[in-house]
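Before anything else, here's the structure in question.
All values below come from the heavy atoms of this structure, side chains included, with hydrogens, waters and symmetry mates left out. First listed ligand is number 1; within each ligand, the first listed atom is number 1.
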Amino acid sequence: MYKKMIEESVQGNAYSLGRLITFLEDEEKRVQIIKEIEPYTGNAFVLGITGPPGAGKSTLISRLIAHLRELGFTLGLLCVDPTSPFSGGALLGDRLRMEEHSLDPGVFIRSLSAQDRLGGISPTTREAIKLLDAAGKDIIIVESAGVGQSQLDVKRIADTVLVVFVPGMGDSIQMLKAGLMEIADIFVLNMADREGADKTVQELKDAASRYMSAWKPLVVSTVATGNEGIAELYQAVVSHREFLKESGLFDQLRRERSQDQTMELVQELLKKEVNRSLEENAMLQQLLEKAKYGSVDPYSAARQIVEKILRP
Ligand SMILES: Nc1nc2c(ncn2[C@@H]2O[C@H](COP(=O)(O)OP(=O)(O)OP(=O)(O)O)[C@@H](O)[C@H]2O)c(=O)[nH]1
Ligand SMILES: [Mg+2]
C-alpha cells in the first residue's frame, strides 16, 4: 500500500519521506511501512545529541550540519520535542537556527512529538530514523531535549552519543550523577567563550579518565555561536566510529538494538492482549473484583488472571 511512496522516498523524494514520517504516528500504518522499509536500511550513521535545555545543542547541530555538508554528506535531523510548556518557543527558535539549511535538498529536518514517552525515544522516532536511513541519508542526527530518564534513552538508538555541557562546575557534576556519564561517548563543552570553561573541561577530562570501559569519552570544547571547534568535534565522532568498527561493537550494538526493540514490542503487545482479555472475559473481571474487595490477595489474583489468559 505504501510501496509507491516508499520507492519515491528511497529515490530521494522529500515530500514522500515527510508523509511517511507523518504516517508513523499511526500504529497500523507504522507496522506496514516498517515491513517494507527494512531491506533498505542499515547504512546510515546515527548521532545522538543530548544535554540540558539551552546548552546550545541546536546551534551546535546547525554548525555541524554545515561542516558535514561541506564534506559531502547528506543528513537527516530529528528534533524530539520537549513536552514542556516551552516547546512551542523552543521549536520556533530551532526553526530559526536551522533556517540556513531549510533550502538544502541534502538536509532533511523534522521535529517529532514525544508526548507518549516524555521526550524519550518513541516508536515514531525509532522508525523515522529507519525512513531517513532508507532515503539514503549518510548521517542522522537526533536531538533529544528531554531531561532525566528520557535523555538516557537516546543511547538506545544512536551509534555515538554527544552530551553537551556548559561551563559551571555544579551543573556538570550533577549531570554526570544523573546517569549521563554512562551514555556519553563524547563530552562537548559548549559556550567555551564563557567564564569557567577551562575548569569544566578539566573536570570532564577527569571524569572521562575514570571510565572503566574500553572507550574513554573524548572531551571537545566548542563555541557554537562562533563556529569554533566544529571540525574537532567531527574528528572525535570519526574516532569513536572507528573504535566501534574495529572493536566489533558497531554490529553488536545494532543487533542488540533490534533485540531490545523486539522485547519492547512483545511487552506492548502483551499488555494490549491482557487489557482486551480483561475487558471481554467476565471470569477475569470477577477475579479483579475479588481482589478489589479483599477476598483474594492481589498477588494470587494477578497470578490466576495471567494463568487464565495464557492457558485459557
Ligand atoms: N555565548 C554562547 N552562546 C551560545 C553558544 N551556543 C549557543 N549559544 C546561545 O545559547 C542559546 C541556546 O541555544 P540553543 O541552540 O537553542 O540550545 P539548545 O540546547 O538547543 O536548547 P533547547 O533545545 O531548548 O534545549 C541561544 O541563544 C544561542 O545563541 C556558545 O557557544 N556561546
Ligand atoms: Mg534545541
Check your understanding: Do any N/O/S atoms of Thr59 come under 2.8 Å of the Mg ion (ligand 2)?
Key ->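 Not a single backbone or side-chain N, O or S atom of Thr59 is under 2.8 Å from the Mg ion (ligand 2).
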Practice item. Return a yes/no value for Val223: is any of its N or O atoms, backbone included, closer than 3.5 angstrom to an N or O of ligand 1? Key: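 For ligand 1, there is no N or O atom that lies under 3.5 Å from one belonging to Val223.
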Exercise for review: Would you mind running through ligand 1 and noting each atom that sits below 4.0 Å from a heavy atom of Thr59?
Suggested key: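 So the atoms of ligand 1 that pass are 7 (C), 13 (O), 14 (P), 15 (O), 28 (C).
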Review point. Between the side chains of Glu256 and Gln252, does any donor sit under 3.5 Å from an acceptor?
Key: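 Yes - a donor-acceptor pair under 3.5 Å links their side chains.
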Check your understanding: In this structure, are over 12 heavy atoms from other groups packed under 6.0 Å from Arg303 atom CZ?
Key ->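 No, not enclosed.
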**Study point:** Which of the ligand 1 atoms, numbered from 1, are nearer than 4.0 Å to a heavy atom of Pro53
**Key:**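 Matching atoms, with element in brackets: 25 (O).
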Mind listing the side-chain donor-acceptor pairs of residues 224-234 below 3.5 Å, one per line with the distance, residues two or more places apart or on another chain?
unit_1 : atom_1 : unit_2 : atom_2 : d
Tyr234 : OH     : Arg241 : NH2    : 3.3

Review point. Are Glu228 and ligand 1 in contact, using a heavy-atom cut-off of under 4.0 Å?
Key: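 No; Glu228 lies far enough from ligand 1 that no heavy-atom distance drops under 4.0 Å.
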Exercise for review: Verify, without hydrogens or angle tests, whether Ser295 (side chain) and Ala291 (backbone) share a donor-acceptor contact under 3.5 angstrom.
Suggested key: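 No, the answer is negative, given that no donor and acceptor are paired below the 3.5 Å cut-off.
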Check your understanding: Is there at least one pair of N or O atoms, one from Ala55 and one from ligand 1, spaced under 3.5 Å apart?
Key ->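 It does: an N or O of Ala55 is found under 3.5 Å from an N or O of ligand 1.
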Review point. Between Asp193 and ligand 1, which residue portion shows a heavy-atom distance shorter than 4.0 Å: side chain, backbone, both, or neither?
Key: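 For Asp193, only side-chain atoms sit under 4.0 Å from ligand 1.
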Check your understanding: Glu143: which N/O/S atom is nearest the Mg ion (ligand 2)?
Key ->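 Atom name of the closest N, O or S in Glu143: OE2.
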Review point. Taking it one step at a time, do Val107 and Thr74 satisfy side-chain contact (heavy atoms from CB on, under 4.5 Å)?
Key: CA-CA 6 Å; Val107 182; Thr74 56; over 6 Å; no
Point to revise | Atom indices of ligand 1, in the order listed, that fall short of 4.0 Å to a heavy atom of Glu143 | key: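 That gives atoms 20 (O), 23 (O) of ligand 1.
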Check your understanding: Quick one: which of Gln32, Arg30, Met5, Glu28 gives a side-chain contact (heavy atoms from CB on, under 4.5 Å) with Phe23?
Key ->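 Among Gln32, Arg30, Met5, Glu28, the one that satisfies the side-chain contact (heavy atoms from CB on, under 4.5 Å) with Phe23 is Met5.
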Check your understanding: Would one find more than 12 heavy atoms of other residues, nucleotides or ligands at under 6.0 Å from atom CG of Leu103?
Key ->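 No, not enclosed.
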Review point. Would one find an N or O of Thr222, backbone or side chain, under 3.5 Å from an N or O of ligand 1?
Key: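 Not met; the criterion fails.
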Check your understanding: Is there any N or O on Ala192 that sits under 3.5 Å from an N or O of ligand 1?
Key ->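 It does not: no N or O of Ala192 is found under 3.5 Å from an N or O of ligand 1.
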**Study point:** By ring-ring contact (aromatic ring centres under 6.0 Å, His included) - contacts of Phe73 (at least two apart)
**Key:**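 With sequence neighbours excluded, Phe73 shows a ring-ring contact (aromatic ring centres under 6.0 Å, His included) to no residue whatsoever.
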